[in-house]
**Q** 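What follows is a single structure, and I will ask about it in a moment.
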Amino acid sequence: KELGIRGLPLAGPGAPNITITGFTGISDGGELRRSDDTFQLVNMFSFNKGRHYFKLGGEFRAIHLDVINNPANTRGEFIFENAEWTGIEGFPNTGNTFANFVLGLARQKSRRPGDHTSFLRAAEYAAFIQDDFKVTPNLTINYGVRYQLYIPPYETRNHISGMQVPFYPSNFGEGGLSFCKNPAYCASISPTLRSLDLPLTLNDLHVDKLPRLVVAGRDVPRAMTKTEKHDFGPRIGAAYRINDRTVVRSGYGLFFDTVPISYYQDSVENLPWVREDQQSLSAFQFGLPPSEGFIGYLLDDPPIGSFSPGPNTFQVGFKNSFVHHWNFSGQRQLGNSMVAEIAYSGHWADRLNWRRNLNTAEPRSPNAQIPTTVHPQFRRALPFAIYEDTLVFLDNWFETTSEAKSLHHAATGRFEKRYSHGITFINSFTYGKTLSHAQPFSGGNNDTGNRIQNIFDPEADW
């Protein structure tokens with residue numbers, strides 16, 4: 001307020017986040033108080049009966065995650081990186097990003113006023129039974145099953161929201177302008193208008209194709225997804241002793257994983273409780289900056305429909321991931337203290353965590369499907385959404401999904417000399433290959449590093 005930055009009425013004391021390309025930025029932290037409690041009850045027992053050795057068990061786990069949050073971006077986040085605005089018209093690379101900062105002309109700005117607190121609850125029930133059956137002196141079979149019932153996270157006040165997408169384009173040509181009932185009219189709108197000033201109403205659009213903001217406990221289940229009630233994971237294994245020096249083993253198991261409760265944080269901090277307002281002005285790369293390019297906002301307390309949110313949502317209908325794992329190995333004793341082993345193992349995993357930008361914009365190019373003269377809002381794959389009959393102009397929108405897969409094969413070898421005569425050693429190797437959509441996270445927070453590169457060709461990430 002003392003600096004004259006408008007439109008941040010809920011901001012606490014401290015500086016906004018400032019990024020200046022090529023220079024050191026300015027940042028001042030936020031406030032966070034987190035209480036994370038897990039209550040767990042586990043019970044197992046085992047017994048012998050003839051040639052069978054049984055193991056049974058059960059587990060109950062309750063998770064409470066309370067977060068009191070006042071992040072730094074309630075004070076605004078401003079990115080200065082468009083040097084052309086302070087350069088000589090028609091002469092690239094003559095401007096300076098620090099000059100943009102001095103003038104207060106941000107290329108992108110965002111704010112997140114609203115209630116960032118959350119009170120999340122989740123629970124898990126599990127039970128298993130397994131039998132080690134000694135069929136013959138040389139053959140042992142293990143078989144069993146684990147059942148898992150996971151109650152996905154919900155917020156005690158139902159402050160979770162997401163997006164339902166009835167139609168997603170297969171290319172940019174099927175997005176953007178195609179949502180207009182009169183594409184020629186939308187294409188004729190001046191590209192210099194603010195997105196929020198576009199002369200459009202719901203009557204001008206194919207409403208049945210637009211994404212719709214849904215609220216937990218009202219439009220969708222409290223946890224954004226249904227509880228999976230049929231997650232049975234069988235296990236089976238066998239060990240056969242061919243002779244006194246040679247043993248072969250094999251096994252298979254189906255394992256389920258559950259989504260970490262922290263991934264729901266983005267879904268909690270969304271409309272209508274948190275109004276994430278993000279204005280990307282990168283479409284105006286040449287000429288004078290637009291009128292909203294100043295460091296600040298026109299409205300102090302923006303109603304829904306008066307800003308362009310860039311939401312991070314959790315996929316409605318998110319599913320638990322699972323992995324089929326199998327292996328086969330053979331061991332051979334050499335002499336009195338050495339053993340050699342060769343093995344093969346593999347897995348097939350599905351419904352893994354993935355992050356996608358559902359609202360990417362088509363790059364400017366002579367080969368672009370949408371002419372570069374069209375307003376930049378219509379260059380986005382999904383330019384609009386609906387919330388309670390209100391038209392929302394979408395900016396970048398990232399969604400966490402459960403659609404990635406993984407395939408792995410590996411051959412391993414091991415040669416071990418057990419301790420004798422004062423010496424022991426192990427020599428081992430692995431030759432393997434893994435194919436996956438869900439690459440290792442590259443420093444992202446809550447999986448933001450694991451993004452699809454081309455939303456229209458996700459298989460290219462395989």
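This chain uses plain numbering: 1 for the first residue, then up along the sequence.
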**Q** Under the salt bridge (charged side-chain N to carboxylate O under 4.0 Å, His left out) definition, can you give me all pairs with a residue in residues 155-167, not counting sequence neighbours?
**A** D115-R157, E155-R157
**Q** If you look only at pairs with a residue in residues 412-429, which of them pass as a salt bridge (charged side-chain N to carboxylate O under 4.0 Å, His left out), with sequence neighbours excluded?
**A**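 Those involving residues 412-429 are E341-R414, R414-E416.
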**Q** Which heavy-atom pair separates Q377 from S195 by the least distance, and what is that distance?
**A** OE1-OG, 3.0 Å
**Q** For F398, what residues pass the ring pair (Phe, Tyr, Trp, His ring centres under 6.0 Å) criterion, not counting sequence neighbours?
**A**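 F398 satisfies ring pair (Phe, Tyr, Trp, His ring centres under 6.0 Å) with no other residue.
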**Q** State which residues pass side chain to side chain contact (heavy atoms under 4.5 Å, CB included) with T225; sequence neighbours excluded, sorted by chain then number.
**A**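 Checked T225 against side chain to side chain contact (heavy atoms under 4.5 Å, CB included); matches are P152, Y264.
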**Q** With a distance cut-off below 6.0 Å to the six-membered ring centre and an angular limit of 45° from the axis, does K109 pair with Y297 as a cation-pi contact?
**A**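 K109 over Y297 ring: yes.
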**Q** Can you tell if the side chain of W326 reaches within under 4.5 Å of the side chain of F328, non-hydrogen atoms only?
**A** no
**Q** Say whether W397 and T313, considering side chains only, have a donor N or O and an acceptor N or O under 3.5 Å apart.
**A**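 Checked: W397/T313 side chains pair up, N/O donor to acceptor below 3.5 Å.
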**Q** Does R121 form a side chain to side chain contact (heavy atoms under 4.5 Å, CB included) with T156? I'd like the steps, not just the answer.
**A** CA-CA 7 Å; R121 302 291 183 265; T156 58; 3.8 Å; yes
**Q** Do Y252 and H325 meet the criterion of a side-chain donor-acceptor pair at a distance under 3.5 Å?
**A**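 Short answer, no.
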**Q** Could you list the donor-acceptor pairs under 3.5 angstrom formed between side-chain atoms of residues 404-413 and any protein atom two or more places apart in sequence or on another chain?
**A**
from : atom 1 : to   : atom 2 : distance (Å)
S406 : OG     : H347 : NE2    : 3.1
H408 : ND1    : T434 : OG1    : 2.7
H409 : ND1    : Y344 : OH     : 2.8

**Q** Ignoring hydrogens and geometry beyond distance, is a side-chain donor-acceptor pair present between R218 and N158 at under 3.5 Å?
**A**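 There is no such pair (donor and acceptor under 3.5 Å, judged by atom type) between the side chains of R218 and N158.
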**Q** Is the ring pair F322/H324 parallel, tilted or perpendicular, if the boundaries are 30 and 60 degrees?
**A**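 Plane angle over 60°, so perpendicular.
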**Q** Indicate yes or no: at least one non-hydrogen side-chain atom of F318 is less than 4.5 angstrom from one of M224.
**A** no
**Q** Applying side chain to side chain contact (heavy atoms under 4.5 Å, CB included), can you list everything that pairs with N48, at least two apart in sequence or on another chain?
**A**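 Once residues adjacent in sequence are excluded, the partners of N48 under the side chain to side chain contact (heavy atoms under 4.5 Å, CB included) criterion are Y53.
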**Q** Could you work out, with ring pair (Phe, Tyr, Trp, His ring centres under 6.0 Å) as the rule, every residue matching F78, not counting sequence neighbours?
**A**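 Here no residue qualifies.
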**Q** Could you list the residues that satisfy side chain to side chain contact (heavy atoms under 4.5 Å, CB included) with E77, not counting sequence neighbours?
**A** N17, N73, S110
**Q** Distance alone, cut at 3.5 Å: any donor-acceptor contact between the side chains of H159 and W273?
**A** yes
**Q** Does the distance from a Lys or Arg side-chain N to an Asp or Glu carboxylate O, for K319 and E403, drop under 4.0 Å?
**A** no
**Q** Give every residue pair that meets the disulfide bond (SG atoms under 2.5 Å apart) criterion with at least one member in residues 117-158, sequence neighbours excluded.
**A**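 Listed once each, the pairs would be none.
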**Q** Give the table of side-chain donor-acceptor pairs shorter than 3.5 Å for residues 140-149, with sequence neighbours excluded, one pair per line with atom names and distance.
**A**
from : atom 1 : to   : atom 2 : distance (Å)
N142 : ND2    : D132 : OD1    : 2.8
Y143 : OH     : D131 : OD2    : 2.4
Y147 : OH     : K229 : O      : 3.0

**Q** Strictly by modelled atom types, are S170 and E174 linked by a side-chain donor-acceptor pair under 3.5 Å?
**A**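 Their side chains do contain a donor-acceptor pair, which is all the 3.5 Å distance test asks for.
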**Q** Show me the side-chain donor-acceptor pairs of residues 378-387 shorter than 3.5 Å, one per line, residues at least two apart or across chains.
**A**
from : atom 1 : to   : atom 2 : distance (Å)
R379 : NE     : E362 : O      : 3.4
R379 : NH1    : I370 : O      : 2.8
R379 : NH1    : P371 : O      : 3.0
R379 : NH2    : E362 : O      : 3.2
R379 : NH2    : P363 : O      : 3.2
R380 : NH1    : N359 : O      : 2.8
R380 : NH1    : N396 : OD1    : 3.2
R380 : NH2    : D395 : OD1    : 3.4

**Q** Return all side-chain donor-acceptor pairs below 3.5 angstrom for residues 32-43, not counting sequence neighbours, or 'none' if the list is empty.
**A**
from : atom 1 : to  : atom 2 : distance (Å)
R34  : NH2    : D36 : OD2    : 3.1
S35  : OG     : D37 : OD2    : 3.3
Q40  : NE2    : E59 : OE2    : 2.6

